[in-house]
Amino acid sequence: MIRRLALAALGVFALGCQNSAPAGDEEGASAADTSGGDTTANAPTSGTTGDTSEARYTYYRDTKAILDKHCATCHRPGDVAPFSLETGEEAQMFAGLLAPAIEAGTMPPWPPSSECNSYEHDRSLPAADRELLLAWIADGAAIGDPADAPPAGPAAPTIAWDLDMPLPEPYAATAVPDDYRCFVLDWPEDQLKYVIGFDVAPDVRPIVHHAIAFLIPPSGVSTYKNLDAADDGPGYSCFGSPGGGGFSQQWLGAWAPGTQPSLDEKRGIPVQPGSAIVLQMHYHPMASGGPADQTRLKLKLADSVEVPLHVIPFTNPNWLSGDSMKIPAGEPRTVHEFEVDLTGFLGDFFPQAGVKNGEPFVMHEVSLHMHTRGRRASLELDRAGADDVCALYIPDWDFSWQGGYKLREPLTVQPGDRLRLTCEWDNSAANQPIENGVQVDPADLFWGEGTGDEMCLSVLTISPVH
């Protein structure tokens, strides 16, 4: 059934502002629960913004909790969003801009389809909250009485970080409006450690769009240090991946504005002595010549864990060379698909994961990756003799809002099951980038790491069955 839905969508087929609520609280009580009215009813259009005597909904009584939870984690002074929504006056001022984004589902950004699977830290806007916000805006966006403000939510737990790793030196973003820069951080530990907690502390928040930490094994460190040495200035230019001519770099974690620190004391990613971390920064400066940034990576470590996690790439090896993943110039819809029983050779290609060939394994977190011409992508599990299971479906791909998604219920992949990866691209003339003020002509696209190349890749966080 899920496969039919995904393929039907294909026929026609952001690390970003995130929900700061604790895991498991996304569907909890919202401001809609206290509105005392039908949030889907037609809202009156004659209500005033200052006098609340006729206003059916007000900011303080009904919508402040929603905006604080879903919007103000990014829309606040000194952060990456273009305006603040921290006060009633600000929310009222920008209410007219909120409605189209809410109706279109573009804000808050949450790419996965809700019909596919459920994920921890879901930052999408629940239907009741969505209708209440739209009704409040249609009603005139009244501010109301500050005495009606909801109580403050619980403070985020304090984590005693073991490593606080800044960028090697400050970097002033130069490419406008998007500057992708990679920095090599030496791993300081001399014994095997497990990363169980992850956070990124941006230095110049208004220009930091997202960050991805890639784990580089000891054998690959010199490759990335050479990339750094060959590029003038701090770090080196990168796009999509940290470079290095491959695609198999493990993800250690990702951050986007509003992301809360993660901590899992039972599960963790092993890091060997002599490794390195490549921190890819996506800067979004409005103009060149701004302040230099020295973002910090913070990690919580453990000597051992109950469940060692390993991050592996999943794609069709044949796509990596030649023209087997050709995306023809001018084509508005090109689809490539790959499926395989991964249990048959996982132990050969990724022995560090601790899963032997022919044994089941567990998927804890999944992600999808394409570049700028991507339109839709999905990862499905075709169970032997049972219904398909959708692991992740991105119905409207946006390169700027990608990330990893932790499954609420991990998926066990049994021998005989087949993982299916599907990607669709739009390489039509209308979907080409603008360079120097001119839209480029379409050209044939293939697998590659450049801005003019494409990829079709899933990144899986897995473990043996315990």
Side-chain angles (χ1 to χ4, degrees), residues 1-7 10 111-122 194 215 247-254 264 266-270 305-320 336-370 376-394 402-423 455-466:
M1 178 63 176
I2 293 173
R3 173 165 169 75
R4 290 197 297 271
L5 286 172
L7 292 181
L10 276 170
S113 168
S114 61
E115 297 181 4
C116 174
N117 214 310
S118 298
Y119 314 92
E120 294 186 12
H121 306 291
D122 185 339
Y194 293 84
L215 176 58
F247 72 98
S248 60
Q249 301 89 352
Q250 294 194 43
W251 284 35
L252 195 62
D264 187 340
K266 295 183 179 180
R267 299 180 292 188
I269 298 173
V305 292
E306 294 181 16
V307 181
L309 300 177
H310 292 271
V311 186
I312 65 169
F314 173 64
T315 191
N316 184 348
N318 294 328
W319 290 342
L320 274 60
H336 286 291
E337 182 175 281
F338 173 68
E339 66 174 67
V340 71
D341 179 357
L342 193 57
T343 66
F345 55 87
L346 183 61
D348 290 336
F349 282 84
F350 302 100
Q352 73 275 15
V355 180
K356 297 180 180 179
N357 290 345
E359 291 185 351
F361 65 92
V362 180
M363 294 196 304
H364 300 267
E365 185 171 326
V366 292
S367 69
L368 292 162
H369 177 71
M370 297 186 289
R376 276 163 279 271
S378 65
L379 178 69
E380 298 170 281
L381 181 60
D382 186 354
R383 291 198 183 280
D387 291 339
D388 294 358
V389 177
C390 183
L392 180 61
Y393 173 44
I394 307 294
Q402 57 182 307
Y405 305 97
K406 185 177 293 186
L407 296 162
R408 286 190 182 275
E409 296 292 336
L411 290 173
T412 299
V413 182
Q414 301 285 353
D417 294 346
R418 300 178 69 83
L419 275 176
R420 183 184 303 112
L421 174 64
T422 307
C423 294
M455 288 187 178
C456 178
L457 170 70
S458 179
V459 180
L460 314 175
T461 300
I462 70 169
S463 73
V465 173
H466 281 72

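The side chain to side chain contact (heavy atoms under 4.5 Å, CB included) with Leu460 is formed by just one residue from the set Leu411, Val311, Leu342; it is Leu342. Here the options are Leu379, Leu457, Thr422, the test is side chain to side chain contact (heavy atoms under 4.5 Å, CB included), and the partner is Leu368; only Leu379 passes.
A distance of 5.5 Å separates NZ in Lys406 from CZ in Arg267, rounded to the nearest 0.5 Å. Atom OG1 of Thr315 is separated from atom CE of Met455 by 9.0 Å, given to the nearest 0.5 angstrom. Atom CE of Met363 sits about 11.0 Å away from atom OG of Ser463, to the nearest 0.5 Å. Expressed to the nearest 0.5 Å, how far NE2 of His369 lies from CZ of Phe314 amounts to 16.0 Å. With rounding to the nearest 0.5 angstrom, the CZ atom of Arg420 is 5.0 Å from the CD atom of Glu380. A distance of 11.5 Å separates CD1 in Ile269 from CH2 in Trp251, rounded to the nearest 0.5 Å.
In this structure, the side chains of Phe338 and Pro317 come closer than 4.5 Å at one or more pairs of heavy atoms. The shortest distance between side-chain heavy atoms of Ile312 and Leu346 falls below 4.5 Å. Put simply, the side chain of Trp319 reaches to within 4.5 Å of the side chain of His336, judged on heavy atoms.
For the residue pair Tyr194 and Gly268, the shortest heavy atom distance occurs at CD2-O, 3.9 Å. For the pair Leu407 and Tyr119, the tightest heavy-atom approach, listed with the atom from each and the gap, is CD2-CE2, 3.7 Å. Nearest heavy atom pair, residue Pro464 against residue Gly354, reads CG-O, 3.6 Å. The two residues Ile462 and Ala353 make their nearest non-hydrogen contact at CD1-CB, 4.0 Å. Nearest heavy-atom pair across Cys456 and Met370 is CA-CG, 4.5 Å. For Pro112 against Tyr405, the heavy-atom pair with the smallest separation is CG-CE2, 3.5 Å.
With hydrogens and angles ignored, the 3.5 Å screen pairs a side-chain donor or acceptor of Asp341 with a backbone N or O of Gly416. Not a single donor-acceptor pair under 3.5 Å links the side chain of Asn117 to the backbone N or O of Leu392. Side-chain N or O atoms of Ser458 include one that pairs as donor or acceptor with a backbone N or O of Ser367 at under 3.5 Å. Proximity of a side-chain donor or acceptor of Thr343 to a complementary backbone N or O of Pro360 within less than 3.5 Å is not detected.
The side chain to side chain contact (heavy atoms under 4.5 Å, CB included) search around Asn318 returns Asn316, Ser324, not counting sequence neighbours. By the side-chain hydrogen bond (donor to acceptor under 3.5 Å, both in side chains) test, Arg383 is found to be paired with Asp417, residues two or more places apart in sequence or in another chain being considered.
Annotation for Phe345: atom CZ counts as buried by contact number, over 12 foreign heavy atoms lying within 6.0 Å.
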Give the C-alpha distance, both sets of side-chain angles, the deciding distance and a yes or no for side chain to side chain contact (heavy atoms under 4.5 Å, CB included) between Val307 and Asp264.
-> CA-CA 10 Å; Val307 181; Asp264 187 340; over 6 Å; no

